[in-house]
Amino acid sequence: MAREPRSADIVAEMVANVMTVTVEPGDTVAAGDTVVLLESMKMEIPVLTEHPGTVSAVKVSSGDVVQEGDILVSLDLS
Amino acid sequence: MTQAPAAAKPAKLPRGEDPRNPNHRLAAFFDEGTLELITEDDGSGMLAAVGKVAGTHVVAFCSDATVMGGAMGEVGCKAVVHAYERALADRAPIVGLWHSGGARLAEGVLSLHAVGEIFHAMTQASGKVPQISVVLGPAAGGAAYGPALTDIVILGPEGRIFVTGPDVVRSVTGEDVDMLRLGGPEPHGRRSGVVHILTESEAEALERARGVASLLGAQGTLDVKHVEDVDLSQMLPESKKRAYDVHPLVEAILDEGTAQEVHARWAPNIVTALGRFGGRTVGVIANNPLRLGGCLDSLSAEKASRFVRMCDAFGVPLIVVVDVPGYLPGVGQEWDGVVRRGAKLLHAFGEAVVPRVTLVTRKTYGGAYIAMNSRSLGATKVFAWPGAEVAVMGAVAAIRILHRRKLLEVAPDIRPQVEAELAAEHERIAGGVDKAVEIGVVDEVVDPTVTRTALAKAIADAGIVQRGVHGNIPL
């Protein structure tokens with residue numbers, strides 16, 4: 001069995017504009033929390049965490065254009 | 001998930017006590033006391049049986065992982081072919097429990113030939129009887145393609161599916177990879193789409209297989225009187241632009257607690273689920289705005305196509321829940337074959353003969369409008385909620401194209417106001433649900449508070465459910 005990963009990057013699923021970033025480094029998040037609000041396909045799309053953890057880095061700010069696969073937020077998993 | 005470290009392998013158990021013994025696995029799968037073997041327990045690597053699943057007659061076979069790691073030789077393969085003949089004769093679902101390294105090397109090409117005969121039997125049975133695979137251990141080569149040919153593939157926590165294992169990969173290409181990364185839950189649940197349902201334990205894997213066998217094998221009848229209305233609008237956010245998770249809506253449409261989602265983590269921008277509706281088995285297909293804005297793309301179109309064709313082959317009515325901004329544009333999608341794969345969805349709906357009812361909740365635009373079981377593709381009935389948009393594209397995007405020159409001429413500070421006026425005018429002429437009703441592409445505007453009964457009545461009014469006469473190729 002592989003080791004459980006200790007950290008996780010939350011990436012953009014598609015090309016999008018960053019509307020708002022709702023977390024800061026050091027914030028604690030639960031699974032399902034919104035970390036970034038993206039705008040794409042004429043929709044406001046919240047990006048949710050899959051795992052609980054602590055925000056270790058925020059890589060984008062509002063107004064940025066992100067490509068598919070770009071890292072938005074990094075987490076240390078709890 | 002807990003597991004003993006690989007170094008501390010337990011001593012080999014006598015076959016009677018080995019949990020991998022197919023007698024134990026088949027007994028755990030069927031209703032207690034209903035198992036009846038239909039092949040000899042002779043160490044051939046496969047064992048077949050009939051029995052009941054929640055009272056429904058089902059055929060099953062199981063790898064014998066206690067003998068040569070479940071490798072398949074001529075005799076074992078004949079047991080599987082025999083099980084298929086029985087399933088076709090009984091018109092019963094057939095379930096394969098897999099734990100096998102593939103063809104028996106010692107038997108040479110004879111074993112390959114025998115494995116090929118299983119594939120032939122599976123293909124001939126495709127679309128005629130439901131085929132469900134449960135992969136409980138490593139399933140390599142022939143044991144990988146066997147499940148892959150079937151309608152639904154369920155993976156146990158120890159299940160691994162690959163053409164060849166890590167040792168061969170290393171010797172052929174030098175690539176260093178373990179079984180988990182090569183063919184475990186993450187690659188097949190999320191990336192490849194090989195697996196429909198991931199599970200946390202062998203018991204759960206068998207239970208999910210029983211659930212699917214029961215849904216497809218004992219579909220029941222839709223009792224309109226037992227469909228109660230709930231206010232489904234509660235499942236949507238207030239802002240029309242806001243993305244949301246469609247799962248609660250799908251679960252609220254189906255009878256409580258009956259949703260069995262397939263391909264949950266692969267192409268998650270579309271949700272495909274079997275479940276009961278008024279007691280009858282139905283399939284639900286729903287755009288999920290939370291993922292990729294709910295757009296259609298090449299993978300989601302392919303996923304939905306296969307689901308539609310499976311439901312059509314087994315006479316399962318479809319409910320199509322539409323909230324789609326369009327097809328995902330871009331070079332990645334075009335190179336990925338979004339035109340070819342998107343065409344599969346047009347084909348799947350266009351050929352389907354089961355009742356298929358569409359519900360537009362918020363919006364449906366462009367090519368995706370057609371693909372999501374539109375009136376033009378032969379939908380049984382198309383409902384829309386009040387205020388839903390049915391259009392080629394959003395009104396603002398449309399007028400920016402139609403009135404590009406005019407908008408360039410107006411001063412930037414008043415441009416938003418002009419755009420809003422043009423958009424309102426455009427919506428009056430070209431978009432909006434009233435226009436869609438007028439031209440007949442939407443049959444009826446229904447309130448979210450009476451939608452469940454409207455859907456039930458539409459399916460019931462379609463009369464006897466026909467079955468599409470075609471196989472279910474693993475698209």
Establish, from distance only, whether the side-chain atoms of [X] and [Y] form a donor-acceptor pair under 3.5 Å.
X	Y	answer
B:Asp297	B:Asn269	yes
B:Glu419	B:His403	no
A:Asp9	A:Ser74	yes
B:Gln333	B:Tyr327	no

Interface moiety of [X] toward chain A, non-hydrogen atoms closer than 4.5 Å:
X	answer
B:Tyr365	side chain
B:Arg291	both
B:Pro289	both

Exercise for review: Check whether A:Leu48 gets within reach of chain B through its side chain, its backbone, both or neither, counting any heavy atom under 4.5 Å.
Suggested key: side chain

